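Heads up: the structure comes next, in structure tokens.
Because the structure is predicted, anything quoted here is derived from the model rather than measured. Keep in mind that the numbers below use all heavy atoms, side chains included, and drop hydrogens, waters and symmetry copies.
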Amino acid sequence: MAQTTDGYLWLGTPLGLYRFDGLQFASYPMTRMEAGLPALDIDALTADSQGGLWIGFRLSGGICHLTRDGVLTNYNAGNGRGPKSVLKIVVQGDRSVWAIADNKLLLLRGDRWVDFGKEHGLPDEPLWSLFFDSRGNIWTSARHKLFVLRPGHQTFVLYPTKTFIVVDLAEMPDGEIWLSDGWRVIRPLDPTSSEKKILVPSYTRTLIEPSGSMWMAQDYRGVSHFQAARNHKPSGPLVAESDLTSEQTNSILRDRDGDIWVGTSRGLDRFHASPLKSLRNTRVEYYPALAADAHSGVWIAMLAHPLVHASGDTLSATGREIGSSPIVCDDQGRVWLVDPLFDTLTVYDRGKMSRIPVPEEVHRVPAQSIGLDYDGAVLVSFDEFGLWRFDGQWKRVQDASLPSEHPLTVFRDKERHVWLGYPDGRILMRDEHGVHALTPQQSADLGNILTFAVFRDRLWAAGANGLAYLDHGAFQRVSLSGDAPLRGISGIVEDRYKSLWLNTSVGIVRIVASELDKLSIGQKSLEYDLLDDRQGVEGTATQIKPTPSAVEDKEGLLWFSMSGAVYSLDSEALSVRKSVPALSLQNVSMNGVSIIDREHSSTSITTSANSLKELEIDYIGIDLSSPEKVTYQYMLEGEDKVWREVGNRRQAFYTHLRPGKYRFRVRAWNGTAPWQELSTPLVFTITPAFYQTVWFYLLAILVVLMFLYLIYLLRVQYLTNLLKDRLKERSDERLRIARALHDTLLQSVHGLMLRFHFAAQTLAEDTPARQSLEAALVRADSVYQETRSQVESLRYDVAERTDLVSLIARRAQELEIEQSMTFQIVENGQRQSLNGIAQEELYRIASEALTNTVLHARATSAEVILTYDGSELLMKCCDTGIGLPPLVLASGQRTGHWGLIGMRERAATIEGKLQIWSAKGRGTEIEVRVPARRAYLYSNKRFVWWQRLLQFRRTATGLDSDPDILGSK
């Protein structure tokens, strides 16, 4: 067996190499990435300080070196670099590697093994052992011979001692060498007496602990050990361990936590030293009660046993069997208990026992707790019947401040104050003046109060929910570092070194004096040591009765009561080892394919999001002493915001991670040492797939925009067709009206004119009637021409390919306006393309205004002003004529004429506002204001590129051929 620096335990067997993490075995190679071994029959195994493993094979495999990174190097006869068979491999502190192989002492030099024994005078005989002592001596053996090479010497010399076959050597802490003489004896190299010899009729492997305890693994006779004489203490008895998986042992190893491992033909056995001593040859039932004796030792009350006095390893029983009861030792050294078997208060005084009947009210009622009153009388708490006092007479303690329930614990401090602990965290103090209750804020919410104690001049209280000390009239809670649980405390005791010991539901907790000193500076979270099943603690502390479950005797020995056990502990000899989980990554796989394992590690990975669907990270915190207690937290920075609590699960899973850079962190905790985090986090980068790049997003946005634009074009086409239909209806209606006017009104007027013309011809030329008729005919012809012009305008398509200025100018030419007055068109601002409907309506308004100017205003000048503003279009039609009559201006129309009304209606059609100013002899001004969104074809000048795109669309869709439709978009 061998343990590598990462904490794994490796086992070499005739069937190959196995790795053990405390819970599971794995056969090497563990993954397809690892190289296979040249053979299976492993006979030697040794770890080096770099995390590597040296493997020796029994027959023909030679020697292999497996590095921490998974590189396997072979040294064997086949490649001419090593031996065939190997018995033992030793790695020294200077990294030199030695071996007993092919019956020779070999040393690795460079990449080859050399015969060191031959170079330094060893005879050509089969060698059996190899050992390096603390003085630098090299020991090896042959049949009936023991050789040593001293520092500074070049030749091995025969050591003067009689042996058969030395198969193993070991060194005591004081430097004494012990040898295992196969099938004969285990003895010191230079025995001073026969008492130190241990007969072993077998092949025996030896191991010596730093404490001086020697372990012997015999090939067919199991495992035994003894404590060698040390510090003037005699050697201990030889202890043969039982209940092994098999009596046939193959190897023995002490791991880095101090546990002893023995490999047998059927499995592994682990032994760990415990600082605790349990009662010998005594079967303990239920929860024993403890009370410190006034002189030495402790009194123990156990169910179905007599009262026992224990002092060191000596036990003495007093009286008959008793039932389960709390006990107390009074000021005179007498022991009191309530024996439920006899229903009496029983007192033991110097070996004499007396029984006192209990009151009739509490007949057959079990006692919850027993203690002393401020004056030395006995106080007993009976279940459901409150607190009773016995000072020669029984009397129930009555006080208005006492709760109706019975107290769970009774304790008297040095000042003779009696402290009572109740369920739900209530604490009361009793003295000669009465009972004083602490408020809930003063009691620190400890749950069921189970015990009190005084040390360091402080009163301590403990219960189901924790620990607290009294400071300035209120209890202050104390917690353990790392948020370790501190609950179910039913015993508090102080040792000779001023350390605090707690008997809890999770084991025995020690808080050393230096940590307790931190309370004076306000620190409430303290470091601690924990003794649990890893140190041999079996059972848990009582959570109801009897209490207290921890006491100290006069010799300084600590005693703890558990369910089914009583332990004693010498704090002077205690050395608490805090095993630390060795945290490492086991495997990293993507989509089920392993890319990193323990031997082929890497601190960074780069992969594409396109190829990463599932990510699994296997990790482990190796703690061979308590693997089942190791819990984990992990966090993937970049994905997780907080640590994930996963209990003892040793895998992390992630799916469909986004592109980016991530750091995987993991930490482990075994309940004793602080959290241990992976020293080097795993960093991996996920590069984006093509569909996750910025260019792809831009392309996707472009496609979406094009799709939306296509939808827009379809919508425009739909609206265009709809407007075409509406405009066609409008055009058809205008044509119908034009035809009707032409076919009815104009024809009728023309017919009447002919009749009047013929009638006028019948009259003499000089008659007044003919002159009147001819004047009327001239006027009628003017009306006919004007009406014909209006009919033609109904057929006139205003939205032809021209602008508003050109249309107004052409209309002015048709009216021959410049023959009767001066006329001009003025434009302010940059000319804008106008909406088709707005252009038509504005043209009609201007045409009507110019027509009125020519026919009625008798003006000398006229002008049309167009102002293009960002928010509106302003058109003014002005003249210097006679002006409108006040009545027409006030009413907004001339009787029988519809020109002004039509102008207002046209302005309202395009959401415009029309205003008229006029005064007699000062002309007329007509103003029209149209919002930009209704007037302009493009209402925002900033989007010129969009205008160009729309212009392209107009050309592509053929809408240029119908400006009205385009304008109505």
### Message
Could you go through T249 and T264, starting from their C-alpha distance and side-chain angles, then the distance that decides it, and tell me whether this counts as side chain to side chain donor-acceptor pair (under 3.5 Å)?
### Response
CA-CA 4 Å; T249 65; T264 74; over 6 Å; no
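- Counting heavy atoms from C-beta outward, D168 and L207 have side chains that stay 4.5 Å or more apart.
- F57 has its side chain within reach of L37: a pair of non-hydrogen atoms, C-beta onward, lies under 4.5 Å apart.
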### Message
Before you tell me yes or no, could you show the steps for W98 and F132 under ring pair (Phe, Tyr, Trp, His ring centres under 6.0 Å), namely the whole-Å CA-CA distance, both residues' side-chain angles and the distance that decides it to 0.1 Å?
### Response
CA-CA 10 Å; W98 304 72; F132 296 80; 5.2 Å; yes
### Task
Would you sort out whether N648 and E628 count as a side-chain contact (heavy atoms from CB on, under 4.5 Å), showing the intermediate values?
CA-CA 8 Å; N648 57 6; E628 72 284 351; over 6 Å; no
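- One finds no salt bridge joining D43 and K88 here, because no Lys/Arg side-chain nitrogen approaches an Asp/Glu carboxylate oxygen to under 4.0 Å.
- Checking side-chain atoms of N591 against main-chain N and O of K613 turns up a donor-acceptor pair under 3.5 Å.
- Here the straight-line distance linking atom OG of S479 with atom CD of Q523 works out to 9.0 Å at 0.5 Å rounding.
- When atom types are taken as modelled, the side chain of D269 and the backbone of T245 share a donor-acceptor pair closer than 3.5 angstrom.
- When all heavy atoms are compared, the tightest approach of L72 to G36 is CD2-O, 3.2 Å.
- Listed here is the closest heavy atom pair of A689 and A609: N-CB, 4.1 Å.
- Side-chain atoms of Y28 come within 3.5 Å of backbone N or O of A35 as a donor-acceptor pair.
- A donor-acceptor distance shorter than 3.5 angstrom exists from the side chain of E34 to the backbone of M30, with no hydrogens or angles considered.
- Considering CD of E614 and CG of L657, their distance stands at 11.0 Å, rounded to 0.5 Å.
- Across every non-hydrogen atom of Y528 and I511, the tightest pair is CB-CG1, 4.4 Å.
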### Message
One pair to check against side-chain contact (heavy atoms from CB on, under 4.5 Å): L45 and L17. What are the steps and the verdict?
### Response
CA-CA 10 Å; L45 210 58; L17 181 64; 4.0 Å; yes
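- Nearest heavy atom pair, residue P627 against residue D21, reads CB-O, 4.3 Å.
- Between F20 and F25, the distance from one ring center to the other falls under 6.0 angstrom.
- Using a 4.0 Å cut-off between charged side-chain N and carboxylate O, E677 and R667 make no salt bridge.
- S85 contributes no side-chain N or O that, together with a main-chain N or O of S60, makes up a donor-acceptor pair within less than 3.5 Å.
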### Task
Would you please test D94 and S96 for side chain to side chain donor-acceptor pair (under 3.5 Å) and show each step?
CA-CA 6 Å; D94 60 1; S96 60; 2.6 Å; yes
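- Between V537 and I508 there is a side-chain heavy-atom pair separated by less than 4.5 Å.
- For S481 (side chain) and S525 (main-chain N/O), no donor-acceptor pair under 3.5 Å exists by modelled atom type.
- Of all heavy-atom pairs spanning G621 and Y632, the tightest one is N-OH, 2.8 Å.
- Between E538 and M562 the shortest side-chain heavy-atom distance does not fall below 4.5 Å.
- By the 4.0 Å N-to-carboxylate-O rule, E119 lies close enough to R109 to be salt-bridged with it.
- Centroid-to-centroid, the aromatic rings of Y18 and W10 stay 6.0 Å apart or farther.
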### Query
Passes side-chain contact (heavy atoms from CB on, under 4.5 Å), F653 versus I617? Steps please.
CA-CA 7 Å; F653 302 95; I617 304 174; over 6 Å; no
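- Under the 3.5 Å distance criterion, with hydrogens and angles disregarded, a donor-acceptor pair is assigned to the side chains of S265 and S246.
- For Y654 and D640, the side-chain atoms include at least one donor-acceptor pair closer than 3.5 Å.
- To the nearest 0.5 Å, atoms OH (Y619) and CG (N587) are separated by 13.5 Å.
- Contact check for P83 versus L106: side-chain heavy atoms found under the 4.5 Å cut-off.
- Taking the six-membered ring wherever Trp is involved, the centroid distance between the rings of F684 and F664 does not fall below 6.0 Å.
- Contact annotation: the side chain of I260 never approaches that of R270 to less than 4.5 Å [non-hydrogen atoms, C-beta and beyond].
- Atom CZ of R477 is surrounded by more than 12 heavy atoms from other residues, nucleotides or ligands within 6.0 Å.
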### Task
Could you give me the CA-CA distance, side-chain angles and deciding distance for S626 and D623, then say whether side chain to side chain donor-acceptor pair (under 3.5 Å) is met?
CA-CA 6 Å; S626 55; D623 182 7; 3.0 Å; yes
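- In this structure, CG in N137 is found 11.0 Å from CG in L169, a value given to the nearest 0.5 Å.
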### Task
Begin with the C-alpha distance, continue with both residues' side-chain angles, and end with the deciding distance and a verdict on side-chain contact (heavy atoms from CB on, under 4.5 Å) for R58 and V86.
CA-CA 6 Å; R58 183 187 301 272; V86 181; over 6 Å; no
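- The six-membered or imidazole ring of F271 lies near that of W215, with a centre-to-centre distance under 6.0 Å.
- Here the side chains of V512 and K498 are not in contact, with every heavy-atom distance at 4.5 Å or above.
- Distance alone, capped at 3.5 Å, is enough to place a donor-acceptor pair between the D48 side chain and the G51 backbone.
- Within the 4.5 Å cutoff, the side chain of I605 has heavy atoms near those of the V588 side chain.
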### Task
Apply the test side chain to side chain donor-acceptor pair (under 3.5 Å) to residues T5 and Q50: give CA-CA distance (whole Å), side-chain angles for both, the deciding distance (0.1 Å), then the verdict.
CA-CA 7 Å; T5 55; Q50 291 77 47; over 6 Å; no
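- Checked by atom type, the side-chain pair Q535/H272 shows no donor-acceptor distance below 3.5 Å.
- Once rounded to the nearest 0.5 Å, the distance linking OG of S180 with CZ of R205 reads 9.5 Å.
- The cationic group of R81 does not satisfy the cation-pi geometry with W113, failing either the under 6.0 Å distance to the six-membered ring centre or the 45° limit from the ring axis.
- Enclosure of atom CZ in R665 by more than 12 non-hydrogen atoms of other residues, nucleotides or ligands within 6.0 angstrom is indicated.
- Of the possible donor and acceptor atoms, one in the side chain of D102 sits under 3.5 Å from a partner among the backbone N and O of K84.
- Rounded to the nearest 0.5 angstrom, M1 CE and T13 OG1 are separated by 12.5 Å.
- Judged by distance alone, with hydrogens and angles left aside, the side-chain atoms of Q3 form a donor-acceptor pair with the main-chain N or O of G7 at under 3.5 Å.
- Shortest non-hydrogen contact noted between A464 and R487 is O-CB, 3.1 Å.
- The closest donor-acceptor contact from the side chain of R649 to the backbone of Q651 lies under 3.5 Å.
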